[in-house]
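Quick note on labels: first sequence line is chain A, next is B, and so on, each numbered from 1.
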There are 2 protein chains.
Amino acid sequence: MNASRSPVRQSSVRAHNLALVLQTVANSADRPSRAAISASTGLTRATVSALVDDLIAGRLLTELDPTPRTGAGRPAAGLALTPDGPGGLGLEINVDYLAACVVDLTGVVRHRFVTRADQRLLPPAEALAALGGLAARARAAADADGIELAGAALAVPGLVAADGLVRVAPNLGWQDVDVPALLNLGLPLTVDNEANLAALGELRTDGGTPTFLYVSGEIGIGAGIVLDGELYRGGRGWSGEIGHVTVYPDGRPCRCGANGCLEQYAGQEAVAADPDLAAAALGIALSAVVNLLDLGVIVLGGGYAPEFDRLRDGIDAELRRRVLTAGLAPVALRAATLGPDAAMRGAADVVIGSVRDDPASWLARSRPAQAV
Amino acid sequence: MNASRSPVRQSSVRAHNLALVLQTVANSADRPSRAAISASTGLTRATVSALVDDLIAGRLLTELDPTPRTGAGRPAAGLALTPDGPGGLGLEINVDYLAACVVDLTGVVRHRFVTRADQRLLPPAEALAALGGLAARARAAADADGIELAGAALAVPGLVAADGLVRVAPNLGWQDVDVPALLNLGLPLTVDNEANLAALGELRTDGGTPTFLYVSGEIGIGAGIVLDGELYRGGRGWSGEIGHVTVYPDGRPCRCGANGCLEQYAGQEAVAADPDLAAAALGIALSAVVNLLDLGVIVLGGGYAPEFDRLRDGIDAELRRRVLTAGLAPVALRAATLGPDAAMRGAADVVIGSVRDDPASWLARSRPAQAV
DNA sequence: CGGATTTGTTTATTGGTTGAATTATTTGGC
DNA sequence: GCCAAATAATTCAACCAATAAACAAATCCG
């Protein structure tokens with residue numbers, strides 16, 4: 001148990017239990033009743049009722065008239081997340097497109113906007129201005145649906161510091177771009193690495209194992225490490241740079257200055273040129289990850305997903321050979337289920353996840369002008 | 001915020017705040033007063049007083065008569081951890097010795113017992129029986145000091161499953177040894193990998209950065225990954241197997257069946273034979289770790305500690321070359337401060353850490369026979 | 001010696017969960 | 001068709017723990 005550094009007051013108890021109830025509903029396949037929530041959380045029915053009342057009043061839950069249950073006794077009222085409560089604005093900027101989407105609390109993509117254009121030619125401020133326009137359209141669409149955006153998150157193909165400063169995004173040609181200063185949406189904005197956010201997108205859609213590695217193969221190679229349902233960002237937010245893990249110490253020179261980086265053997269071009277070489281290199285690097293972190297599941301996304309069948313066996317062979325515990329428990333390899341939208345979806349999920357994880361803060365917000 | 005799966009009742013609030021107060025005292029360089037604790041935690045003085053009363057009654061804190069303070073106003077009563085409260089029993093079994101120690105709540109090693117003998121010749125049951133004898137001596141010594149052992153933890157050089165089952169300890173010749181069944185001390189027993197526990201030992205003594213990698217070079221090479229002050233054990237508890245990270249894909253064959261594992265280039269023999277080669281190989285593997293996990297500190301322990309000066313530059317060179325973010329923030333390399341006792345110390349620290357992190361459970365224990 | 005100052009305790013209040021009793025709404029048996 | 005059993009949800013008194021504010025204790029300083 002890691003006792004965090006802050007005191008707990010009674011209101012924290014309520015905040016915690018509100019989150020507990022909301023997440024129980026969210027993670028439930030069916031529509032649980034108050035009594036079912038009480039049974040599965042250990043809270044009293046009375047307490048659950050009180051909490052649910054708050055969540056309904058705050059437009060996070062709805063009671064469904066048609067009760068999906070049978071048996072003897074008073075029928076239960078099914079509870080579910082509201083599709084017309086708060087929503088998340090997911091944004092992505094990448095080499096050849098801009099994208100925005102609105103996801104409601106239930107996780108459904110309600111609106112999706114994409115602009116194809118080469119972003120490498122533009123100064124960051126212009127690219128972000130264009131993205132701001134897209135975001136405004138998304139926001140108008142959300143307003144029309146009665147969805148109040150709780151925040152926005154932006155996926156960037158680069159290293160992002162904790163405050164949203166993009167230190168370097170090589171394929172965009174960006175360096176030290178202060179995104180929050182250039183992209184003011186009037187919403188709380190989170191900026192994160194695209195592989196990180198794509199990993200979170202996979203987490204939410206999969207629903208299965210909460211601990212896995214997501215590897216995205218584009219021009220560069222990035223990875224998102226999800227441990228116990230949470231993204232591991234590292235000390236400075238620069239985790240997951242698997243593209244620069246050394247595979248062949250004296251191998252091909254990399255643009256980063258080192259030799260034999262994975263990126264040179266399993267980047268987009270390399271995969272196209274020689275899938276077997278790419279698979280072997282990936283297998284070597286992934287074995288290192290599994291030996292270090294004891295992950296049971298690896299998800300291949302981005303450009304790897306469509307090539308999955310061509311890569312699988314080659315990767316598997318290396319994993320079986322090089323992972324110390326491969327004999328005790330095999331490593332599962334899967335293709336990502338989300339397509340190219342993964343990062344944008346993950347970004348939106350981060351926003352709605354923040355509401356689902358801490359509904360009390362959302363309910364307590366100084367209610368902003370509804371649908372300006 | 002990760003809302004965990006359990007409900008929070010009022011008693012949890014108290015449990016949390018008890019831990020908060022106790023840890024505030026533990027992490028304080030001086031002897032804080034109730035008022036100082038109140039200021040640094042945000043709890044009311046009245047609340048702190050009530051909590052401190054409980055902790056004193058439960059023999060976790062003591063009030064120090066000589067108050068180390070000056071100024072105007074009523075003098076404060078200094079608070080400190082009691083040296084005669086609960087203690088931890090740290091155990092270690094390794095290739096050529098058995099060891100046990102008693103550490104009190106303040107972190108001081110009160111007693112230490114070591115038996116040198118080759119454990120590879122013995123069946124596991126016999127080795128554990130001998131360890132049990134050592135543990136009994138340690139317990140008697142603790143009793144004589146008025147220390148009530150809160151539990152025991154055992155460091156083993158091998159893969160340990162969550163329930164204490166040692167799946168394989170190659171250098172002991174163990175396979176599937178059910179340690180808790182063979183070593184009944186009448187105390188809660190934790191079994192963990194030696195590198196993991198040594199890492200925790202370093203964490204407690206260092207007190208500095210809570211995120212680092214501890215690498216221990218013995219016959220095999222193990223690593224403990226400490227993230228935000230907590231050991232990362234991986235999905236099945238088998239994290240940190242850095243010894244089998246591939247360094248040279250087509251290199252020397254390893255006893256694990258793969259080729260080019262770090263262990264073949266930086267194990268005990270390899271370091272002795274060619275320190276430069278070992279340093280380069282370590283540097284390559286450590287670069288992979290840093291690229292993946294964004295760690296800022298690496299601690300070299302075990303057999304590496306005495307060789308630190310010979311290894312440092314070679315490792316550093318590879319890190320500078322191969323870590324993508326080396327230019328943005330350098331990686332700090334350090335030798336471990338704890339000697340060969342690190343794992344045993346870490347084991348004892350785990351026990352006293354469990355009391356410090358959750359004093360409420362300790363206070364609520366069905367008081368066992370004192371000093372049987 | 002008396003005011004200022006800081007520490008620690010006492011007391012009434014508040015917020016939030018609990019448990020038991022109560023009300024509500026269905027199924028099923030006679 | 002009506003009553004018993006069963007299940008769902010709400011109401012209400014009790015309790016637990018933190019809070020705020022007043023109060024008591026112990027020292028320094030002028």
Side-chain angles (χ1 to χ4, degrees), chain A residues 3 6-21 24-25 30-57 61-79 359-360 363-364, chain B residues 3 6-21 24-25 30-57 61-79 359-360 363-364:
Chain A
S6 56
V8 167
R9 50 203 87 251
Q10 294 95 315
S11 62
S12 323
V13 172
R14 181 139 258 253
H16 179 104
N17 288 338
L18 275 170
L20 182 61
V21 167
T24 300
V25 175
D30 51 351
R31 300 159 182 173
S33 64
R34 290 164 174 78
I37 296 170
S38 164
S40 82
T41 59
L43 292 166
T44 316
R45 289 204 307 270
T47 305
V48 171
S49 270
L51 294 168
V52 164
D53 284 351
D54 274 15
L55 293 170
I56 289 177
L61 290 183
T62 30
E63 222 169 34
L64 297 180
D65 284 339
T67 309
R69 208 191 55 79
T70 175
R74 172 173 167 176
L79 294 168
L363 296 177
Chain B
S6 57
V8 168
R9 49 202 89 250
Q10 295 95 314
S11 62
S12 323
V13 172
R14 181 140 256 251
H16 179 105
N17 287 338
L18 275 170
L20 182 62
V21 168
T24 301
V25 175
D30 51 350
R31 300 160 183 175
S33 64
R34 292 166 174 77
I37 295 170
S38 164
S40 82
T41 59
L43 293 165
T44 315
R45 287 204 311 269
T47 304
V48 171
S49 270
L51 294 168
V52 164
D53 285 351
D54 275 15
L55 293 171
I56 289 177
L61 291 182
T62 28
E63 223 168 33
L64 297 180
D65 282 341
T67 309
R69 209 191 52 81
T70 176
R74 171 174 168 176
L79 295 168
L363 296 178

Reckon [X] has a side-chain N or O less than 4.0 Å from the OP1 or OP2 of [N]?
X	N	result
S33(B)	dG8(C)	yes
N17(B)	dA17(D)	no
R34(B)	dT9(C)	yes
S49(B)	dG8(C)	no
T47(A)	dT18(C)	yes

Can you name the atoms? Protein N/O to nucleotides 20-24 of chain D N/O, anything below 3.5 Å, with the distance.
none

Fill in: Heavy-atom pair of closest approach, residues I37(A) and P32(A)
CG1-CB, 4.0 Å
Minimum-distance nucleotide to [X] side chain [options: [options]]:
X	options	value
P75(A)	dT17(C), dG8(C), dT26(C)	dT26(C)
R14(A)	dA9(D), dT26(C), dT17(C)	dT17(C)
V13(B)	dT17(C), dA17(D), dG8(C)	dA17(D)

In whole Å, what is the span from the [atom1] atom of [X] to the [atom2] atom of [N]?
X	N	atom1	atom2	value
H16(A)	dG15(C)	NE2	C1'	17 Å
L20(A)	dG16(C)	CG	P	16 Å
D54(B)	dT9(C)	CG	P	12 Å
E63(A)	dA24(C)	CD	P	16 Å

Worksheet item: When you measure from the side chain of T24(B) to the backbone N and O of L20(B), does any donor-acceptor pair fall under 3.5 Å?
Response: yes
Worksheet item: When you measure from the side chain of S33(A) to the backbone N and O of G78(A), does any donor-acceptor pair fall under 3.5 Å?
Response: no
So, taking the atom named [atom1] in [X] and the one named [atom2] in [Y], what distance separates them when rounded to the nearest 0.5 Å?
X	Y	atom1	atom2	result
D30(A)	L79(A)	CG	CG	10.5 Å
R34(A)	L43(A)	CZ	CG	14.0 Å
R14(B)	T47(B)	CZ	OG1	8.5 Å

Item to complete: With the side chain counted from C-beta on, respond yes when L55(B) and V25(B) share a heavy-atom pair under 4.5 Å apart, and no when they do not.
Response: no
